[in-house]
Structures are given as structure tokens and as C-alpha cells.
Amino acid sequence: MYRPASIRFSTQSRQKHRPLRRRLAKFAAIQGQMAYDHKKIEAEWQHRWKEQKTFRTETGGTRPKYYVLDMFPYPSGAGLHVGHPLGYIASDIVARYKRHCGFNVLHPMGYDSFGLPAEQYAIQTGQHPAKTTEENAARYRAQLDRIGFSFDWDREVRTSDPAFYKWTQWIFLQLFNSWYDPRADKARPVSELVARFESQGCHGQDASVLTGDVEEFIGEFSAAEWNSFDERTKQMVLQRFRLAYLSEAWVNWCPALGTVLANDEVKDGVSERGGHPVERKRMPQWSLRITAYAQRLLDGLDGLDWSESIKEAQRNWIGRSEGASVRFPIGDDFIEVFTTRPDTLFGVSFLTLAPEHVLVPKFTAPERKAEVEAYVSTAKNRSERERQAEVDKVSGVFTGSYAKHPFTGADIPVWVGDYVLGGYGTGAVMAVPGGDQRDWRFAKHFGLPIIAVTEGADVEKEADERKDATICSEGFLKGLKVPQAIRRAIEELEKIGAGTGKVNFRLRDAAFGRQRYWGEPIPIFYKDDIPYPLPESALPLVLPEVDKFLPTESGEPPLARAKNWTYEGHPLETTTMPGWAGSSWYFLRYMDPKNAERFASKEAIEHWGQVDLYVGGSEHATGHLLYFRFWTKFLHDLGLVPFDEPAKKLVNQGMIQGISMMAKVQASTKDGEEHYLVVPPNSTAEGTFERNYLVDHVVLRDGKHWIDEAGAGKTRDVAAFRGFHLSAPSIELKPVVEKMSKSKFNVVNPDDIIEKYGADTLRLYEMFLGPLEQSKPWDTNGIEGTFRFLKKFWNLFHVGAGQEPSVPSTHRVDPTAALSEEAPSSDELKILHATLKKVTEDIPKMSFNTCVSQFMIAVNELHALKCNKRAVLEPLTIALAPFAPHIAEELWHRMGHAESISTAPWPQWEQRHLEESSFTYPISFNGKMRLQLEFPLTLDAKAMEAAVLANPEVQQRLEGKTPKKVVVVPKRIVNIVV
RNA sequence: GCCCGGGUGGUGGAAUGGUAGACACGAGGGACUUAAAAUCCCUUGGUCCGCAAGGGCCGUGCGGGUUCAAGUCCCGCCCCGGGCACCA
């Protein structure tokens with residue numbers, strides 16, 4: 001299977017430099033067959049794994065299952081950089097390790113292939129997003145293949161594939177056809193709700209699940225009334241219960257772009273792209289009632305083996321707070337507020353409504369109408385982000401109306417202020433300036449009364465928000481501690497019917513419609529403007545062809561351009577699902593990816609169960625991971641999956657950052673054109689700013705980074721530098737660690753690394769870089785170490801023992817793999833078993849950097865012992881296989897095995913090889929280590945203390961003094977206190 | 001402001017309360033070589049004393065504390081990264 005050297009070097013002939021080739025050829029001739037040729041080995045094994053479907057997984061069998069999942073990537077046009085595979089390498093190590101341990105491992109990969117960039121590209125070029133997606137996925141696949149992952153590609157899924165999104169649409173229909181029953185605390189079919197309405201009507205008991213910022217309970221009705229409702233009314237009532245429902249939601253509408261923008265696409269009230277004005281507008285929107293699951297999403301976190309920071313982020317996002325809802329009567333109506341501090345009710349000096357509160361117009365006194373309307377319209381058009389950013393600017397307006405205090409009956413002025421958010425709670429607050437700093441600022445600004453609510457508060461200076469204070473405001477709560485006062489206040493509110501205890505969540509329902517083309521069509525049609533679900537038989541509802549990927553002239557989504565976008569003559573929904581739809585359930589599809597009858601068979605779901613290990617970036621902390629859990633809980637409620645959390649263990653890999661080369665430039669205008677002058681990096685002159693430089697052509701001189709002429713010349717093509725003036729023959733650059741990104745010119749492509757060092761080296765190096773969870777900058781320089789390690793490991797098999805280690809190993813010619821069948825020495829066994837122990841213990845901890853360093857120690861030591869014994873190297877090769885699979889597979893083969901190394905059982909470490917008869921004790925004086933003494937482990941503490949004190953060097957250090965105390969910790973340390 | 005991480009040599013990092021700096025990069029020195037590459041060996045936290053062997057002192061962001069013993073535990077700060085935020 002090995003080609004002669006001369007032919008082998010034909011692979012090198014692509015290299016341009018002939019002299020180099022000649023030199024390499026000579027080198028290869030010396031090395032014969034024994035050199036570590038990563039290119040050949042990796043290409044060969046990747047080919048064989050593919051041919052023989054080594055990593056194909058069958059559902060079922062008697063082996064225990066293990067499901068290792070990576071967050072699948074969006075296939076962007078930029079391809080992979082070295083940061084992307086970090087998590088995949090880690091999960092691949094675990095997958096391979098678990099296979100060695102006898103598990104049936106599911107380790108799939110696919111693409112989250114619906115998304116904005118492909119659509120944006122389509123708008124600009126007319127290229128169909130399906131085509132770009134296809135090309136990008138092919139490129140990703142080629143890059144991933146070169147790293148040697150053990151994915152079962154037969155199970156690949158793509159969210160944009162109709163065979164996949166058929167089931168995304170199917171799940172949407174289940175959501176549409178379900179409501180949340182608060183008594184059973186789970187989702188149930190809407191048909192059951194209808195049956196109940198038909199027999200008992202509705203008496204408000206289900207109202208607690210109604211959510212959304214415009215949702216209001218429709219009111220009570222009897223069975224007879226329900227039966228007399230017309231179809232439209234019935235459907236409208238049911239809308240309020242469905243888990244997928246059509247409502248109106250505030251969106252960032254950009255008329256110039258004719259599209260809805262995400263919050264982060266809006267900067268300072270204008271679109272980030274193009275700078276067009278953006279207005280907040282109410283539009284019909286499909287939403288998912290995730291809020292019905294708020295409590296379960298919160299409770300479920302406790303049992304998960306996820307990082308504390310992610311769990312905490314989800315808890316904050318869900319934002320549960322306990323308090324009371326209080327009604328303040330006003331005229332024939334009332335204003336409902338939510339408060340966590342009903343104990344401060346006697347400190348209320350005004351109410352504040354959010355500008356978008358529906359009752360603002362009603363409660364505005366005629367003489368104040370103009371002023372209030374003006375305020376509302378400006379406040380409303382400020383983005384939420386803006387309103388939240390400017391904490392110092394207090395603004396508001398008095399409505400001219402007064403509400404009644406529920407306990408005292410006092411007149412409470414009603415104000416409008418944009419510090420109150422429309423989307424949280426009821427969109428209204430009872431303002432207690434003595435107990436809430438925001439209310440206090442508002443009161444100070446407008447000269448409203450500030451009542452002290454707690455003892456010891458200095459309300460002239462600030463509000464007192466302590467939760468262990470004693471209430472001092474006049475009324476029945478006076479003298480009570482805050483917690484008791486809260487309970488008492490709620491009791492009293494409930495007694496007089498002015499309020500109730502209430503739990504409020506920050507979590508809002510999830511907007512589920514996008515005015516976009518490249519997403520799953522929502523399987524809904526409209527009859528008389530009432531939304532109806534498509535029958536299952538009509539799925540998949542395939543994305544139609546359109547002439548342009550832009551919204552229509554009248555502002556409808558791109559799907560409105562499609563011809564015959566109807567179902568049985570009725571218009572179909574024209575918005576599409578958001579990016580997170582497919583990723584909310586894709587883990588189930590991997591279990592049974594080809595199933596045409598069901599999203600995945602019952603057997604497959606039962607066999608594979610929850611994801612045992614989920615690896616991905618922490619940027620999905622509150623988005624994807626929340627929806628992922630929500631959909632799983634929903635499918636569980638319908639009895640479709642037996643578990644209600646998707647992933648038991650979650651690990652977030654850190655970001656691999658790039659080192660950017662920053663230059664300081666100064667803009668100037670010459671002949672009406674912008675010019676850039678490169679200035680010293682510490683310059684603070686006006687008009688200076690920083691720009692990234694190409695990392696190529698950077699030279700280190702005098703401890704500083706410089707770019708040479710060639711590099712500077714190349715950079716001239718970058719728009720920002722066009723026509724700049726060089727202030728020196730070369731430019732000084734400042735290295736900065738930041739996110740790896742094409743636009744920062746700091747991307748490192750794994751293909752280049754693999755070309756030079758091989759996939760095994762890349763894999764080892766990415767793991768060696770540091771703890772998986774930590775973010776760290778990529779520095780290709782360090783890679784030599786892992787490359788050398790692999791060569792050294794390889795050489796253990798190929799240079800016989802008995803030769804002088806000082807002879808460079810590449811110069812020793814030994815054409816056959818020289819493995820000794822001799823029994824290993826106890827030293828050799830100790831190295832082997834110490835390594836097996838460390839690796840076996842550290843893989844489950846996901847501590848891969850320490851595994852790699854242990855391998856290095858083992859190889860260094862075995863090298864020093866000139867060990868080439870099969871009994872040592874064979875188990876070591878298996879242990880290394882998850883990390884560096886190609887070289888391990890190759891050596892395994894050379895050792896005479898026909899089966900893939902991935903089928904080899906994991907070698908067990910044995911304590912007996914690690915036992916020591918003695919221990920070298922550090923002897924410290926007052927905690928400072930001074931000398932070392934070796935003692936047999938059988939020696940007891942007392943005898944050891946005597947032996948230590950008898951030692952001449954210890955005696956000398958004691959200078960005749962008697963130690964106060966001697967601490968002897970067996971197998972650890974001896975400490976002499978003087 | 002709140003929540004979660006983190007701060008250790010020139011660099012990435014290691015260390016169940018028990019010898020701080022494993023392992024690796026880089027740097028310096030040496031071997032091999034016509035030469036280079038590759039490989040191998042040695043040194044490498046700072047500082048001071050010594051011709052040397054060797055030894056002293058300082059040292060894990062800062063200040064306290066607990067302990068025979070603290071990078072590790074406790075209290076109070078500072079800084080960096082990430083997330084959330086007029087959340088009532």
C-alpha cells in the first residue's frame with residue numbers, strides 16, 4: 001500500500017519551487033517508508049472511512065446508546081475558520097471515546113440552512129438562495145471532511161430541505177391545534193377545548209394562559225352562547241388560546257426597505273443598512289405562546305447539567321417575579337398595575353402609564369390632549385433600545401386625570417412616562433418614589449410628592465429599596481417588616497377585591513413570522529380573512545418560485561409575488577418562519593432522518609432519547625436553547641416524545657479569537673477627496689481612528705509589529721486605505737485580540753493548517769490550546785509542539801530500541817515497523833497506566849488540554865526509555881485514537897489489525913501499576929519547601945517525624961531549636977513549624 | 001446597576017487546601033550536517049550573594065483574614081470578558 005518515494009513525491013510536484021522539491025526528494029529518500037506522512041495517511045483513512053461507512057449508526061441493538069450533538073452550522077459563504085471546528089473536535093473525541101467504551105453512538109451533522117445572508121445575496125445578485133446554500137454546504141462538507149470527524153453523514157439534515165421542513169410545518173400545525181390547559185399544566189388539543197365550550201361554556205378559569213401584549217380575556221360565555229356564536233367569533237375566541245396564534249405585534253418597519261428589521265438592524269432610529277428611517281408599527285404577526293411554558297422552562301433548569309451561566313441567563317430571560325396586581329379605579333374603569341412591592345401601597349403618589357398603553361387616550365383630559373398626544377407620538381417612535389439606553393433623561397406628561405387609591409380613596413394623578421414599558425406587566429406602574437429609584441427620579445424631575453415608606457430612609461437623597469426594612473407609611477402596614485407587609489397587603493387587596501397576588505414573567509411570546517423569502521412557509525390559508533390550518537396531506541407546503549426576493553411594492557412579503565399562492569382558491573399565508581424554527585426540533589430528525597411517515601419513528605425516539613451531550617456556542621444562551629426546550633416540552637405534552645428536556649448536558653465552547661493588526665489612521669480631505677494618513681499608534685490627534693490590516697506581511701522588529709511595503713501595497717486595495725499616504729517606509733501596527741472575522745483580516749483557515757501539518761495536528765492543537773469553555777486567541781506558532789509530538793509518537797513505532805537517542809531519529813533507517821513483543825517493564829507500565837488513568841478521567845470532564853499534555857509526557861518518557869513494546873504502544877494508540885484518529889488508525893493497521901481502531905475496546909487502567917513503595921516528601925519549614933526526603937509508604941507518621949528530625953540537614957536548619965509542631969500528611973508533605 | 005466567567009512567567013496554560021509554573025510555544029546554548037531543514041540534548045519566573053557547588057529573598061490583580069500550610073477557602077476592593085437591564 002505504500003508507493004515508492006519517487007512516486008509519493010509526485011503529490012508534492014504541485015509545489016512551484018523546483019529546488020525545494022529536489023531537496024525534499026533527497027530528504028524523503030533518506031527517510032524511506034518510515035516518515036510520518038500525514039497527507040497520505042489522512043487522505044487514505046478518510047477515504048476508507050467513507051467507503052466502508054465506518055461511522056454509520058444503526059438504531060437499536062443491545063449496546064447502551066449515547067447521543068452527542070453539535071449545534072449545526074449555518075453554511076455561510078465565508079467557509080469555516082479555525083474557530084468553528086473547536087466544538088466539533090471536542091464532541092468528536094467524546095463520540096469516539098464512547099464508541100471504544102461500547103456505546104452505540106449517534107453523532108450526526110447537518111445544516112441550519114435557512115437564513116438571512118443567502119437571502120440578502122439573492123436580493124443583490126438574483127442568485128436563488130437554494131443554489132448558494134447548496135454551494136456553501138458543499139464547501140463546508142469538504143472542509144469538515146478534511147478534519148476527520150466521525151459523523152454519520154447518512155443522517156445529514158438540512159432545515160431548508162422540503163423533506164425536513166414538512167415536519168417543521170407539521171409541528172407548527174400541532175401548535176396551532178393546541179392550547180395550554182393550566183389545570184393539567186400541559187398542552188392539549190383545541191378540539192377538547194371546543195368540546196368543553198360546547199358543553200360548559202367558558203367561565204374565566206382558563207384566562208390565566210392568555211398572554212401577549214394585546215391579549216385580553218374575551219369574557220365569560222355559556223355553552224348556549226358559544227353554540228350561537230358565528231364561525232368568525234368562534235375562531236377569534238380560539239385564537240386567544242392556540243399556542244400558535246395570529247395577533248398584532250410591534251415591529252420595526254422600514255418603509256424605504258419595505259421590510260421589518262430586527263432590533264439590532266436598527267441604529268439611532270434608522271436602518272443600519274442604508275440609514276433609512278424606521279418606524280414602530282403594529283402588524284399582524286404569528287406568535288408562539290412560549291409564555292404558557294414559562295414556569296416549566298424555569299423549573300426544568302434545575303435538573304440540567306448545563307453551565308451555571310447559561311442557566312442563569314435563561315432564568316433572567318424568563319424573569320419570574322412575585323408580587324400583586326392592583327386595580328386603581330378611575331371613573332367607570334380602572335388601571336391595573338403589577339407590583340412586586342404591594343407593601344409600599346401607602347407610598348403611592350402617582351401612576352405612570354407606558355406611552356403605548358391602550359387607555360392613555362381615554363384618560364387624557366381634553367385640555368391636555370395636544371400635549372399628551374405629542375408626547376406619545378415621539379415616545380412611541382423611539383426604539384425600545386433607545387428608551388432603555390437613556391436612563392438619565394426623564395420625560396413624561398400629566399394626563400390630567402386622577403385615579404382612586406384602593407385603600408385610602410385619595411386622588412392619585414395619572415402620568416405617562418416612557419420609563420414604563422408597554423410590553424412588561426400591564427404597561428402601567430404605581431409609582432412609589434420613596435421606594436423605587438426610577439419613580440423617585442421621575443417625581444424629583446416633575447416636583448411630585450415623595451412619601452417615605454420605610455424607617456430610616458432619607459427620601460430627599462434617594463429611594464430606599466431595601467427589602468429588610470420596616471414600613472413606616474401611615475396605614476395598617478405600619479411597623480411591619482417588608483415580607484410580612486407584602487403578605488398582609490395582598491390579603492387586604494383580595495379581601496376588598498382590589499387586587500390579587502400574582503406571578504409575573506418577563507418572557508414574552510415569540511414572534512414567529514418574518515417578512516422574508518428564505519424560510520419555511522407557514523401552512524395557513526385564509527378563508528374570509530380567518531386563518532385555517534392546511535391539512536397534513538398538503539404538506540410540505542413548498543416554498544414557491546418568485547421573480548424577485550424583495551417585498552412587493554405594496555409592502556407585502558416576497559411570497560406575495562408568487563403565482564397561484566393559494567390553497568383551493570384561498571390565499572396562503574405570505575410570511576415565513578424565523579431562523580430558529582428548524583433548529584428547535586432538528587435533534588429528533590437525526591434519529592430517523594429518512595422517515596416519510598412521521599417526524600421520527602417512536603422506536604427511534606425511544607432508542608436515542610435525550611441528547612446526552614450538546615456542544616455549541618454560548619451566544620445561543622437565550623434564543624435557540626429556550627425554543628429548543630419549549631418545543632421539546634410541547635411535543636412531550638402531546639405524547640410524541642417521552643422526555644421533556646432535549647439535552648441533559650450542555651457544554652459551551654469558547655470563542656477562538658483572532659489577532660488583528662491595527663493601524664492608526666487620520667482622515668483628511670484633499671481636492672474634495674478623502675485621504676488617510678497613517679500615524680503613530682499612540683497618536684491621539686483629532687480625526688484619528690483605527691483600521692485593521694492584512695495579517696500577512698507583518699514583521700516583528702524591535703518588539704514591535706510592522707507591515708512591509710508589499711503588505712502595505714496590498715492593503716491599498718482596501719477601501720478605507722485607498723489613496724492613503726505612507727508616513728514611513730513601513731507602518732507600525734498594534735496587535736489586538738478580537739473576534740475572528742473576514743472583515744478584520746484575521747481569519748485563519750483550517751485548510752491551510754491541515755495542508756501543512758495535517759488534521760491530527762490541528763485537532764490536537766485546538767484541544768491543547770486551553771480549556772474548551774474558555775475564549776482564547778489563535779496563535780499558529782504554537783502548533784509546532786503538537787506536530788512534533790505526533791512525529792515523536794510515530795517514531796516510537798519505527799525506530800528500534802537500543803539505538804542511541806542522541807542520534808537524530810530521522811536518520812535511523814529501519815524499513816519495517818519494529819515492534820518488540822517483550823514484556824514491558826514496571827516503569828513502562830506505570831507511564832502507560834498513568835496516561836490511561838488521566839485520559840479516562842479527563843475526557844468525561846471535557847478537559848482535553850490536560851489529556852494532550854499527558855500524552856506528551858508519556859511519549860517523552862517512553863522515548864527516553866526507548867520503549868517500542870507492543871504491550872505499551874497498542875493500548876496507548878487506542879487512547880490517542882479519539883484525539884488523532886488518522887495516525888492511530890494507520891499505526892493500528894501496521895500493528896496487524898484488520899478492523900478499524902474505532903472498534904477496539906477502551907484500555908482499562910489498573911491501580912497496581914501505579915502503586916509506589918516510597919514517596920519523596922517535600923519537607924517544609926513554616927510552609928516553605930526546603931528539602932526533599934524519601935520514605936517508604938509503610939512508615940507511620942510518628943516514625944517519619946523522628947526520621948525527619950534526625951536528618952542532619954533538618955538539624956542544621958533547626959539550629960538546635962525544638963520545633964513547635966511537626967505536621968506529617970502521608971503521601972503529601974511534612975511541615976515543621978518553628 | 002444586576003448576573004455569570006476570569007486575572008498565574010515573554011506567550012498559551014497546569015496545579016483533590018499540601019513542592020506554584022506541569023505540558024507546549026518562544027528565546028538562549030550545544031550535538032549532528034558542506035549547508036539548511038528535520039531531529040536530539042541542556043538552560044529558561046524575577047532578583048540578590050557566590051569562582052563554583054550551592055544558597056537567600058520576592059512572586060499567582062490589590063488589601064485584609066482563616067490555617068501548620070492559601071493560586072485554591074472567607075471578607076473588602078480593582079481590572080478584563082460575556083450576558084441582561086428604566087422589568088415595576
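No experiment lies behind these values; they were computed from the predicted model shown. In what follows, every chain begins at residue 1, and chains take the letters A, B, ... in the order their sequences are listed.
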Determine the interatomic distance between [atom1] on [N] and the same-named atom on [M]; round to the nearest Å.
N	M	atom1	answer
B:rU60	B:rC73	P	15 Å
B:rG61	B:rC57	P	22 Å
B:rG76	B:rC87	C1'	30 Å
B:rC25	B:rA14	C1'	15 Å
B:rG6	B:rG12	C1'	15 Å
B:rU66	B:rC75	P	15 Å
B:rU47	B:rA36	C1'	39 Å
B:rG10	B:rU44	P	15 Å

Does [X] reach the main-chain N or O of [Y] with its side chain, forming a donor-acceptor pair under 3.5 Å?
X	Y	value
A:H405	A:S349	no
A:E773	A:V651	no
A:T500	A:A324	no

Nucleotide nearest [X] when distance is taken to its side chain, options [options]:
X	options	value
A:T850	B:rC23, B:rC68, B:rA14	B:rA14
A:V977	B:rC68, B:rC84, B:rC86	B:rC68
A:M929	B:rA69, B:rC86, B:rA20	B:rA20
A:R508	B:rG18, B:rC87, B:rC3	B:rC87
A:S321	B:rU19, B:rC4, B:rA88	B:rA88
A:K791	B:rC23, B:rG18, B:rA38	B:rA38
A:N849	B:rA14, B:rC86, B:rA88	B:rA14
A:N860	B:rC23, B:rA88, B:rC40	B:rC23
A:P922	B:rA88, B:rU19, B:rA24	B:rU19
A:N781	B:rC68, B:rC25, B:rC4	B:rC25

Syn or anti for B:rG9? Use the chi torsion, O4'-C1'-N9-C4 for purines and O4'-C1'-N1-C2 for pyrimidines, with syn inside 90° of 0. syn
Pi-cation contact, A:W306 with A:K311 (under 6.0 Å, within 45°): no
Is it the case that the base of B:rC3 and the side chain of A:R315 share a donor-acceptor contact (distance under 3.5 Å, atom types as modelled)? no
Classify the side chain of A:N316 versus the base of B:rC84 as yes if they form a donor-acceptor pair under 3.5 Å and no if they do not. no
Once you round it to whole Å, what is the distance between [atom2] of [N] and [atom1] of [X]?
X	N	atom1	atom2	value
A:N504	B:rA88	CG	C1'	9 Å
A:R320	B:rA85	CZ	P	20 Å
A:I973	B:rA15	CD1	C1'	14 Å
A:F787	B:rC23	CZ	C1'	19 Å
A:D842	B:rA14	CG	P	11 Å
A:N926	B:rU67	CG	C1'	13 Å
A:Q657	B:rU11	CD	C1'	15 Å
A:E312	B:rA85	CD	P	14 Å

For A:G785 and for A:A428, find the nucleotide of RNA chain B with the closest heavy atom, then tell me which residue's nucleotide is more 5'. A:G785
On RNA chain B, does the nearest nucleotide to A:R438 precede the nearest nucleotide to A:I976 from the 5' side, or the other way round? Give the residue. A:I976
Between [Y] and [X], is there a side-chain donor-acceptor contact under 3.5 Å, judged purely by atom types and distance?
X	Y	value
A:E336	A:T426	no
A:K965	A:N975	no
A:D439	A:Y419	yes
A:T850	A:S847	yes

Just to confirm, is there a sub-4.0 Å distance from OP1 or OP2 of B:rC25 to any side-chain nitrogen or oxygen of A:R788? yes
Tabulated below should be each protein N or O lying under 3.5 Å from an N or O of nucleotides 56-60 of chain B; please produce it.
residue, atom, partner, partner atom, Å
B:rG56, OP1, A:R957, NH1, 3.3
B:rC57, OP2, A:R930, NH2, 3.4

Counting only heavy atoms and a strict 4.0 angstrom limit, can you tell me which residues of residues 769-780 of chain A come near RNA chain B? A:L769, A:P771, A:Q774, A:K776
How would you label the contact of A:S309 with the nucleic acid (heavy atoms, under 4.0 Å): base, sugar-phosphate, or nothing? sugar-phosphate
Reckon A:K311 touches a base, only the sugar-phosphate, or nothing at all at heavy-atom distances under 4.0 Å? nothing
For [N], what is the paired nucleotide under Watson-Crick or G-U wobble rules, both distances under 3.5 Å?
N	answer
B:rU67	none
B:rC57	B:rG46
B:rU39	B:rA31
B:rG12	B:rC23
B:rC86	none

Measuring from atom OG1 of A:T378 to atom CG of A:D418, what distance do you get when rounded to the nearest 0.5 angstrom? 8.0 Å
What's the spacing between A:R506 CZ and A:Y424 OH if we round to 0.5 Å? 8.5 Å
Take the angle between the ring planes of A:F442 and A:W415 and call it parallel below 30°, perpendicular above 60°, tilted in between. perpendicular
The side chain to side chain donor-acceptor pair (under 3.5 Å) partners of A:T920 (sequence neighbours excluded) come to none
Passing candidate, side chain to side chain contact (heavy atoms under 4.5 Å, CB included) with A:N951, options A:L958, A:I923, A:L931: A:L931
